[in-house]
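Report on the following structure.
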Number of protein chains: 2
Amino acid sequence: MKASTALDDMICFQLYAASRGMTALYRPLLDPHHLTYPQYLVLRVLWHDGPTTVRDLGRALALDSGTLSPLLKRLETQGFVHRLRDPGDERVVVVHPTAEGTALREQLDDLTQRLICATGLTLDELSTLHHLLHKARNPRKDLP
Amino acid sequence: MKASTALDDMICFQLYAASRGMTALYRPLLDPHHLTYPQYLVLRVLWHDGPTTVRDLGRALALDSGTLSPLLKRLETQGFVHRLRDPGDERVVVVHPTAEGTALREQLDDLTQRLICATGLTLDELSTLHHLLHKARNPRKDLP
DNA sequence: CACGATTCAGTTGTGCACAACTGGATTGCT
DNA sequence: AGCAATCCAGTTGTGCACAACTGAATCGTG
């Protein structure tokens, strides 16, 4: 299957550049709250699911402990989360949002709305994009 | 315009996760050549355009000198590029691919092909994805 | 019960990404 | 010619991202 043009040469780069561009859009909106985009993602999981283990945060965001451990330490230092060992299994650490962390939800609730709006993408386009990204994100494991 | 669902909550994360997933696919293919994905992107620009200034590399890849300077230093240490000051303008550094850097092109030529194939996306889907990513990558500057 | 395998969070080391800044080179304007 | 504004690559500092590893806790199987 030898078919394509410069298109497939571009697509991975487009993904890479679009991702960085999107977090660049988030930055000025998150900066006032002293949050980075990955920290915001962690808080969103906590807002949605309540107290969550480090392991489940890793599954939800596709990040490993090497990324999450220092990130959570910074979130704790800033007072947005607490970390508690599960008494039933001392290996497990459960991350709890603090009152301050929960309060942020209301200030940041319409944030994604505003960004999506900024891209000028329609709902149909969003839906298509979501579908394609999902496919691209779950590729076959067996490379030729 | 208050319309959407969890969809637009997801889309930025999908972008972020898909981008990381794609570079994770590249990694095992680039590792044998001791290249990272951003380094590979720099080489692709050099293969396509020949000797290029740091400034133009930055424009092409949307990266600043803070990222490129150390990256190029590593590429130079590995023998893939040379860096020469432009005699006509001593501010400018021109990045040249070495013979070794140019030789890599043939070994990595079908690499993107194989990855795209791995995603299972059709040409039509690729084209749509490309179009949407381009829109997402050039958003309006005036946030509401 | 014992003990090797597995699970979990954390640490270490390398490399990107980006803001803020530095210092030298060049340009533009008078 | 003079000199402020700009341009350019590089450095510094912070925070992700991830491979490889550590050590403690738990599980599974004999």
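A note on names: the letters A, B, ... follow the listed sequences, proteins ahead of strands, and every chain is numbered from 1.
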* Name every residue in residues 89-98 of chain A that has at least one heavy atom under 4.0 Å from any atom of DNA chain D, in order of residue number, or write none if there are no such residues. => A/Asp89, A/Glu90, A/Arg91
* For B/Asp86, which residues count as a side chain to side chain contact (heavy atoms under 4.5 Å, CB included) partner, sequence neighbours excluded? -> B/Asp89, B/Val92, B/Val94
* To do: Please state whether the rings of B/Tyr40 and B/Tyr26 are parallel, tilted or perpendicular, taking 30° and 60° as the class boundaries.
  => tilted
* Structure fact -> By nearest-heavy-atom nucleotide on DNA chain D, the more 5' of A/Tyr37 and B/Arg85 is B/Arg85
* Asked: In the hydrophobic clustering (ILVMFWY, side-chain contacts below 4.5 Å, transitive), which residues join B/Leu84, or is it alone?
  -> none
* Is B/Gly58 touching bases, backbone alone, or none of the nucleic acid, heavy atoms closer than 4.0 Å? -> nothing
* To do: Rounded to the nearest 0.5 Å, what's the gap from CH2 on B/Trp47 to CG on B/Leu108? Could you check?
  => 4.5 Å
Pair up each side-chain donor or acceptor in residues 97-104 of chain A with any protein partner under 3.5 Å, not counting sequence neighbours, and list the distances.
unit_1, atom_1, unit_2, atom_2, d
A/Thr98, OG1, A/Gly79, O, 2.6
A/Thr98, OG1, A/Phe80, O, 3.1
A/Thr98, OG1, A/Glu100, N, 3.4
A/Thr98, OG1, A/Gly101, N, 3.0
A/Thr102, OG1, A/Thr98, O, 3.0

* Structure fact -> Residues of residues 65-76 of chain A with a heavy atom under 4.0 Å from any atom of DNA chain C, listed by number, are A/Ser65, A/Gly66, A/Ser69, A/Lys73
* Under the salt bridge (charged side-chain N to carboxylate O under 4.0 Å, His left out) rule, what pairs show up with a residue in residues 67-84 of chain A, not counting sequence neighbours? -> A/Glu76-A/Arg83
* **Contact interval (first through last nucleotide) of DNA chain D with protein chain A, 4.0 Å heavy-atom** => D/dG15 to D/dT26
* Those residues that, when tested against A/Asp56, pass side chain to side chain contact (heavy atoms under 4.5 Å, CB included) (two or more places apart) -> A/Thr52, A/Thr53, A/Arg59
* Structure fact -> Taken in chain and number order and not counting sequence neighbours, the residues that satisfy side chain to side chain contact (heavy atoms under 4.5 Å, CB included) with A/Ser65 are A/Ser69
* Between B/Gln39 and A/Arg83, just flag the one whose closest nucleotide in DNA chain C comes earlier from the 5' side. => A/Arg83
* Report yes if the side chains of B/His48 and B/Val45 come closer than 4.5 Å at any heavy-atom pair, otherwise no. => no
* Structure fact -> The reported gap from CG in A/Leu43 to CG in A/Leu75 (rounded to nearest 0.5 angstrom) is 5.5 Å
